Amino acid sequence: MEEKVCVCQEEDYGALEKAIETNRGNAGALIQVLHTAQESLGYVPRKAQEMIAEGLNVSLAEIYGVVTFYSLFSLKPKGRVQVNCCQGTACYVRGAPKVLERLQRELGISPGDTTDDREFSLEVVRCLGACGLAPVLTVNEDTHARIKADRVSALLERYRKPESN
Amino acid sequence: MALVTLTIDRKKVQVESGTTILEAAQQAGIKIPTLCYLEDVNVVGSCRICVVEVKGARTLQAACVTPVGEGMEISTNSAPVRKARRLNLELILSDHPFECLTCVRNQHCELQDLTAEMGIRESRFEGERVERPVDSSTPSIVRDPEKCILCRRCIAVCEHVQGVSAIGLNERGMETTVGPAFGDKLQEAACTMCGQCTLVCPVGALTEKEYVDDVWAVLSDPEKHVVVQTAPAIRVSIGEAFGLDVGEVSTGKLVAALRALGFDRVFDTDFTADLTIMEEGHELIDRIQSGGVLPMFTSCSPGWIKFIEHFYPELLPNLSTCKSPQQMFGALAKTFYAEKAGIDPASIVVVSIMPCTAKKFEAQRPEMNSSGYQDVDYVLTTRELGRMIAEAGIDFRSLEEEDYDAPLGMSTGAAVIFGATGGVMEAALRTAYEVLTGDELPGLDFEPVRGLQGIKEAEVDVAGTTVKVAVSHGLSNARELMERIKSGEADWHFVEIMCCPGGCIGGGGQPIPTNTETRQQRIGGIYQADKDLALRKSHDNPAVKELYEEYLEKPLGHKSHELLHTHYTARGRFTDKAEDKAEDKAKDVASDAD
């Protein structure tokens, strides 16, 4: 087992504060500011939503509605490394369930969750539009084609922080 | 404005450009069914019930959001239109609980009406159901998300009319649900409890919390002495539940019905409305003369009180310390009246009939116990009283008119007009003028503060001093006033704010439908009732005079402060959660003004 990494350090709201300041009172900038929150914090917690509500003069009800509508935003922290495993029809018939099962075992989390050290998040997606490469997974910006369950462990290894291993 | 000519159901129609198909059809006397649509408030085209066929268009169009075009040929009832409408309705019904018989909106439900109109005879689709618990966390409003059809009217009225946004549309797809952010309960959200959402909900997803059974229980308890008070706005709206004309003044029948229900004494909140004017009028004079915090805000409307506590706590010192008439009544019923009648206050139960859901919350505020008991025990809305009268089998329309009991049943026209926007201001001016000048007021009607305009301003010359006043109704207008005050551009002395559009006659506990038309008709009834009374100024109320002589001594006196005045609580802008309250306690604004 990996050593426990402390994640209780202060979250850095600097980028969000800056984005709010630039867009003060501008309700139209909501999505943009939410992106900043998601990227800089890894999620959009209540505190961030209240800050945005105050700064952009948008109701908390509306912000929460937007955050829960778009899958780009999450209420739970996302990991540094985002793994999306396709379970669309083509991937499915070519063995994607086995890949997903291995991912869950290797990471110790279910789809929708994040590892305790906030390194990895796992998500199931329905078709990435690359059926010819099935089964497909994306890891952050990278797309990996024709994944076999046996290759999952080595693949994840490439994304782990050197010191955490 | 340019005119557009089109045909609707082969009928030639000419309307202004920018008109929607729905409006054009209405003007031509053609009915297009709607469900999510709410004039001026919610125009989103989400339910797809109002679809029509537009010749040349690839798909059916939602009439409520589609503007007319020159030469358009529209069919509102062709076979494809009827088929699509029925299908859309069946899909809405597919995840709606079929609990109509026991639903509070049974026979007053827009979804039910539409289902009947469209002749739906079976439920073809067994839709997937998402189980969601009922939220009955507040003393005022109950949310049943399983009955919700996602029309968004409640969200629209909360955001646009009230400027509160306590609820929104959360999640997506099958998970979509209406509610406060983060799945909070309504009690935890910054909700004013105004109940405007319960007026616009087409189904039974948002309703008042009912206390009918509790009231039946105390009425049949021989140990209890049950007194009832009726708010000014009830007399012009209760008749609607029994088919009387909207706005018809039915004070005498209301009293008779309450007596028939078994209340031991039938009193009037109007009595304490007159008393409020005595206290609040003197508080205003005191603030003006002694350099107190101005402008002073009226404090009768509990939805407004909760609004300012959440969103403008820095302005709480501007709020009159007077309790609302409902709470003044409760405090006096269990002290003054108990003593006078020789009844143990512990056995007195005070029931209020209010046009308001926020009054239920107000009655349960922890500080509202200056009699040593909870001052007001149960608050029923106009709608709940209507149900009780119906349940008891009382033929409301043929009741002989009766009078209120003494002494808490005596009132003046100044108290009746508390029920309409501008009324508290007008009543206060009637009294302040005469108290300050010692002269009789030349004309009683202050027209500039009457009517449905959102914000009304006036200047009144009182004994050589120009008193500047403002009046607003609907909390989004209150928000505008607060912003103007904060920016320093306003120099009013006295500001009347009522939470609900039109004032209490448009309150969240009033009969459904409550819309601009019914509001206007009820306002008409209010001013008629005022005109019909011999006494129209609060300081002329003989029972109020007697109360001061026998018991309170003088306005703003020691006993008044104990029983009739209160303090307010700063609350969070986003939440009313218990943990925030502990923090806010430290910020409690004790704003007793002397």
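Source: prediction; values computed, not measured. Reminder, nothing fancy here: chain letters follow the sequence lines and each chain counts from 1.
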Any cation-pi pair here, Lys47(A) with Tyr13(A), using under 6.0 Å and within 45°?
-> yes
Taking distance alone, no hydrogens or angles, what donor-acceptor pairs closer than 3.5 Å link side-chain atoms of residues 20-31 of chain A to residues at least two apart or in another chain?
from: Glu21(A); atom 1: OE1; to: Arg24(A); atom 2: NE; distance (Å): 3.2
from: Glu21(A); atom 1: OE1; to: Arg24(A); atom 2: NH2; distance (Å): 3.2
from: Glu21(A); atom 1: OE2; to: Arg24(A); atom 2: NE; distance (Å): 3.3
from: Thr22(A); atom 1: OG1; to: Lys18(A); atom 2: O; distance (Å): 2.7
from: Asn23(A); atom 1: ND2; to: Ala19(A); atom 2: O; distance (Å): 2.8
from: Asn26(A); atom 1: OD1; to: Gly28(A); atom 2: N; distance (Å): 3.1

Identify whether the distance between the nearest side-chain nitrogen and carboxylate oxygen of [X] and [Y] falls below 4.0 Å.
X         : Y         : result
Glu50(A)  : Arg46(A)  : yes
Arg102(A) : Asp150(A) : yes
Lys486(B) : Glu314(B) : yes

So Glu146(B) and Arg132(B), salt bridge (Lys or Arg N to Asp or Glu O under 4.0 Å) or not? Walk me through it.
-> CA-CA 6 Å; Glu146(B) 291 189 10; Arg132(B) 293 182 198 285; over 6 Å; no
Residues of residues 152-165 of chain B within contact distance of chain A, non-hydrogen under 4.5 Å |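 Listed by number: Glu159(B), Ser165(B).
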Proximity of residues 169-176 of chain B to chain A, residues having a non-hydrogen atom under 4.5 angstrom | Leu169(B), Asn170(B), Glu171(B), Arg172(B)
On the 0 to 90° scale, with breaks at 30° and 60°, tag the Phe297(B)-Trp304(B) ring pair as parallel, tilted or perpendicular.
-> perpendicular
Is chain B contacted by the side chain of Gln49(A), its backbone, both, or neither, given a heavy-atom distance below 4.5 Å?
-> side chain
Closest heavy-atom contact between Met51(A) and Glu17(A)?
->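 Result for this residue pair: CE-CG, 3.6 Å.
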Closest approach of Ser110(A) to Gln104(A) (non-hydrogen atoms, all atoms of both residues) |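 That would be CA-OE1, 3.9 Å.
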Which atom pairs, one a donor and one an acceptor, fall under 3.5 Å between side chains of residues 72-80 of chain A and the rest of the protein, sequence neighbours left out?
from: Ser74(A); atom 1: OG; to: Gln38(A); atom 2: NE2; distance (Å): 3.3
from: Ser74(A); atom 1: OG; to: Lys76(A); atom 2: O; distance (Å): 2.9
from: Lys78(A); atom 1: NZ; to: Glu123(A); atom 2: OE1; distance (Å): 2.7
from: Arg80(A); atom 1: NE; to: Glu119(A); atom 2: OE1; distance (Å): 3.0
from: Arg80(A); atom 1: NE; to: Glu119(A); atom 2: OE2; distance (Å): 3.1
from: Arg80(A); atom 1: NH2; to: Glu119(A); atom 2: OE1; distance (Å): 2.6
from: Arg80(A); atom 1: NH2; to: Tyr159(A); atom 2: O; distance (Å): 2.8

